Amino acid sequence: MALRGPAGLGPGSRRPLDEAVTGAVGREAPALLAAGGAPEDDEEDDGRGRGLLRWDGFSAWLHCVCVVGFDLELGQAVEVIYPQHSKLTDKEKTNICYLSFPDSNSGCLGDTQFCFRFRQSSGRRVSLHCLLDQFDKDLPVYLKKDPAYFYGYVYFRQVRDKTLKRGYFQKSLVLISKLPYIHFFHTVLKQIAPEYFEKSEPYLEAACNDVDRWPAPVPGKTLHLPIMGVVMKVRIPTCHDKPGTTQIVQLTQQADTNISVILPTVHEVDIFRCFCPVFLHSQMLWELVLLGEPLVVMAPSPSESSETVLALVNCISPLKYFSDFRPYFTIHDSEFKEYTTRTQAPPSVILGVTNPFFAKTLQHWPHIIRIGDLKPTGEIPKQVKVKKLKNLKTLDSKPGVYTSYKPYLNRDEEIIKQLQKGVQQKRPSEAQSVILRRYFLELTQSFIIPLERYVASLMPLQKSISPWKSPPQLRQFLPEEFMKTLEKTGPQLTSRIKGDWIGLYRHFLKSPNFDGWFKTRRKEMTQKLEALHLEALCEEDLLLWIQKHTEVETVDLVLKLKNKLLQADREHLPVKPDTMEKLRTHIDAIILALPEDLQGILLKTGMT
């Protein structure tokens with residue numbers, strides 16, 4: 001029997017493999033051209049020696065900008081979409097229209113900012129920036145784009161205007177993006193929205209042109225982003241940052257004299273302000289979010305509902321919340337029926353709502369947080385109580401956490417005393433947020449470290465990796481085997497909190513958050529095995545190998561090695577750059593050892 005090549009690199013006919021490689025390249029090319037979204041004569045140099053299509057810079061940050069107004073006959077309507085070639089389906093436009101205005105009962109006079117999230121229409125082509133975003137791999141998992149969802153960042157203005165029939169001017173400027181950079185985009189809107197309402201479309205076009213000239217959103221780099229005469233200085237976190245540390249961008253003495261706004265964070269909300277009415281129950285809410293329990297936040301306005309939902313999702317960081325969440329949800333939302341049906345159990349989702357109608361519609365949901373007006377920084381609202389769900393019957397129910405959930409862990413009285421002391425001493429909200437965020441981080445890390453330790457043990461030993469066999473498989477995750485490890489290496493090593501940790505883990509292993517976390521870890525470890533397999537291949541004397549094998553087997557080996565290189569690039573495998581270079585050198589050397597007619601064919605296929 002002939003010796004097979006690496007990862008099943010066995011003998012095979014030349015033509016199908018040749019066609020497979022050129023076919024794959026051929027199929028990708030039109031897709032890339034189609035995704036560019038602009039004709040060739042719009043190409044311009046970005047100053048770094050490569051051509052950029054018009055609006056490519058803009059598309060790296062935003063999908064589009066919408067202006068939503070109120071029409072007496074039509075109701076809410078999208079008046080402007082910029083850039084004009086931006087694609088939105090009718091369903092997406094309808095969602096944007098309804099989500100861009102507060103419910104009429106909210107009574108938001110003046111300027112209001114909030115955020116919403118909506119599902120991308122099925123059948124829509126995933127954008128180039130989602131599929132081929134090389135920056136996504138360097139982001140923390142909780143900041144990676146979700147190809148299925150858009151975020152909408154809203155600046156809504158409602159002021160009295162006697163010249164209009166309704167007596168009010170009502171309009172929203174909305175940024176639509178795949179990026180979950182809440183604080184950043186709210187800051188951008190603060191800079192441009194007030195002037196836009198005064199100066200209209202030419203101003204908006206100029207602002208979009210500024211965004212199109214921004215550098216790409218590269219994680220870990222300090223970025224200078226000019227917009228309408230203001231320069232913002234930001235840094236997007238990377239997956240290599242130590243969790244819980246904020247790499248605050250500092251002013252340097254001379255070079256930064258033109259910097260107007262420095263953002264210490266791109267994505268975080270004021271977590272203490274959001275948890276303030278319920279901080280006695282912070283730990284219970286952390287458990288509910290960790291376990292992916294259905295949760296509704298009923299708030300007086302979209303800004304309070306969206307901030308609170310985002311704070312809840314953020315409280316299990318650096319774990320990603322893998323279920324759906326809607327910072328602001330209305331009865332007009334395309335998923336309204338799906339999420340409010342009583343024919344099945346409520347889904348794993350966090351909803352932020354303001355319409356009193358939801359008090360009745362979502363009465364069957366197991367966990368409801370009802371909050372009053374969030375107080376300005378420094379003022380502390382009365383602490384709400386945990387109440388039984390049967391008490392949430394009236395539209396004017398008092399603020400409270402309505403649930404019959406019994407927490408697995410005992411309440412940590414120390415954090416409560418620390419926050420209460422901060423309130424008495426009038427400690428700034430930012431400092432309180434740092435304390436609360438650190439507490440949640442330590443709690444999450446204490447919970448996740450034993451899981452990380454056990455999953456690492458599922459990795460095969462490096463000595464079991466052979467260049468001439470497929471990479472070995474990971475061992476299976478066995479819940480009972482994991483539970484046995486907790487006795488010696490459980491959360492008690494890092495956390496002072498007592499309680500039923502085992503029960504919490506058992507519940508977590510059945511949750512969407514565990515499923516999403518484990519799939520991510522399994523993918524990372526499988527990619528690591530692929531990378532180690534590539535390194536093992538590079539250490540082999542492949543020229544010696546081809547001397548002992550037929551021409552057909554050698555061609556097969558070259559094509560499979562090229563596919564491995566393509567895979568390493570496409571999947572961002574954690575391969576050292578010199579390993580890739582070595583492999584290319586090996587491939588070139590093998591091709592040169594073949595007859596000339598074969599050299600010509602092999603040099604044309606794939607990449608070397």
Side-chain angles (χ1 to χ4, degrees), residues 6-8 137-142 144 238-244 286-287 290-292 316-322 408-409 440-539 567-568 571-576 579:
K137 69 183 172 73
D138 293 324
L139 286 167
V141 65
Y142 53 88
K144 288 183 189 293
T238 79
C239 54
H240 310 295
D241 293 350
K242 187 182 173 187
W286 173 85
E287 283 189 27
L290 180 78
L291 300 173
I316 60 167
S317 179
L319 263 184
K320 178 179 179 174
Y321 180 78
F322 280 93
Y408 286 98
L409 304 181
F440 281 137
L441 172 68
E442 287 170 2
L443 194 52
T444 305
Q445 285 183 322
S446 291
F447 180 80
I448 211 70
I449 285 168
L451 277 161
E452 290 279 7
R453 192 181 285 121
Y454 173 70
V455 167
S457 75
L458 306 180
M459 188 88 163
L461 295 172
Q462 192 161 345
K463 65 182 180 185
S464 66
I465 297 170
S466 163
W468 306 114
K469 293 179 185 173
S470 295
Q473 299 291 305
L474 296 171
R475 280 198 313 114
Q476 195 180 348
F477 187 107
L478 301 171
E480 290 312 312
E481 187 180 63
F482 164 66
M483 292 299 172
K484 284 176 188 169
T485 67
L486 295 174
E487 194 179 329
K488 288 184 180 175
T489 57
Q492 70 276 9
L493 296 181
T494 51
S495 177
R496 61 177 177 258
I497 298 169
K498 307 292 182 194
D500 182 10
W501 285 96
I502 301 281
L504 186 61
Y505 280 113
R506 285 196 191 283
H507 195 152
F508 178 72
L509 294 184
K510 295 172 190 166
S511 75
N513 284 332
F514 169 73
D515 191 45
W517 172 81
F518 184 59
K519 277 180 183 167
T520 305
R521 292 294 289 115
R522 188 170 55 198
K523 183 183 175 186
E524 288 168 357
M525 290 162 77
T526 304
Q527 288 182 335
K528 179 67 179 168
L529 285 170
E530 289 283 355
L532 291 170
H533 185 251
L534 267 180
E535 284 172 24
L537 263 173
C538 285
E539 298 309 314
Q567 180 197 7
E571 295 180 15
H572 305 301
L573 295 185
V575 183
K576 297 169 191 163
T579 299

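Here the structure is a predicted model, which means the values were calculated and not measured.
With a 6.0 Å radius and a threshold of 12 heavy atoms from other residues, nucleotides or ligands, Lys528 has its NZ atom at or below the threshold.
Thr444 and Trp286 share a side-chain donor-acceptor pair at under 3.5 Å.
Judged by distance alone, the side chain of Gln473 and the main-chain N or O of Thr526 form no donor-acceptor pair under 3.5 Å.
One finds the CZ atom of Arg496 at 7.5 Å from the CD atom of Glu442 (value rounded to the nearest 0.5 Å). From Leu319, atom CG reaches atom CG of Asn513 across 7.0 Å, with rounding to the nearest 0.5 Å. The distance from atom CD of Gln527 to atom CG of Leu532, rounded to the nearest 0.5 Å, is 12.0 Å. Rounding to the nearest 0.5 Å gives a distance of 10.5 Å between CD1 of Ile497 and CG of Leu504. Interatomic distance, CG of Leu534 versus CD1 of Ile465, reported as 11.0 Å (0.5 Å rounding). To the nearest 0.5 angstrom, Cys239 atom SG is 8.0 Å from Lys137 atom NZ.
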Kindly determine whether Leu451 and Leu509 satisfy side chain to side chain contact (heavy atoms under 4.5 Å, CB included), including the steps that lead there.
-> CA-CA 10 Å; Leu451 277 161; Leu509 294 184; 4.2 Å; yes
Between Ile449 and Thr489, does a side chain to side chain contact (heavy atoms under 4.5 Å, CB included) hold up when you go through it step by step?
-> CA-CA 9 Å; Ile449 285 168; Thr489 57; over 6 Å; no
Walk me through it: do His533 and Ser470 pass the test side chain to side chain contact (heavy atoms under 4.5 Å, CB included)?
-> CA-CA 8 Å; His533 185 251; Ser470 295; over 6 Å; no
Going through the checks in order, is the side chain to side chain contact (heavy atoms under 4.5 Å, CB included) test met by Trp501 and Leu409?
-> CA-CA 7 Å; Trp501 285 96; Leu409 304 181; 3.7 Å; yes
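Using a 4.5 Å heavy-atom threshold, the side chains of Glu287 and His507 count as separate. Using a 4.5 Å heavy-atom threshold, the side chains of Leu474 and Leu529 count as touching. Inter-residue side-chain proximity for Leu441 and Pro318 is flagged as met; some heavy-atom pair is nearer than 4.5 Å.
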Identify all side-chain donor-acceptor contacts of residues 516-523 below 3.5 Å with residues at least two apart in sequence or on another chain.
residue	atom	partner	partner atom	Å
Lys519	NZ	Asp515	OD2	3.3
Thr520	OG1	Gly516	O	2.8
Arg521	NE	Glu452	OE1	2.8
Arg521	NH1	Glu524	OE1	2.7
Arg521	NH2	Glu452	OE1	3.2

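Every residue two or more places apart in sequence or in another chain that forms a ring pair (Phe, Tyr, Trp, His ring centres under 6.0 Å) with Phe508 is listed here: Phe447, Phe514. Contacts of Leu486 classified as side chain to side chain contact (heavy atoms under 4.5 Å, CB included), with partners at least two apart in sequence or in another chain: Pro450, Phe482, Met483, Pro491, Ile502, Tyr505.
In this structure, Ala531 and Pro574 approach most closely via the heavy-atom pair CB-O, 3.6 Å. Scanning all heavy atoms of the two residues, the minimum distance from Val141 to Lys320 falls at O-CD, 3.5 Å. The shortest non-hydrogen separation linking Ser446 to Ser495 is OG-CB, 3.5 Å.
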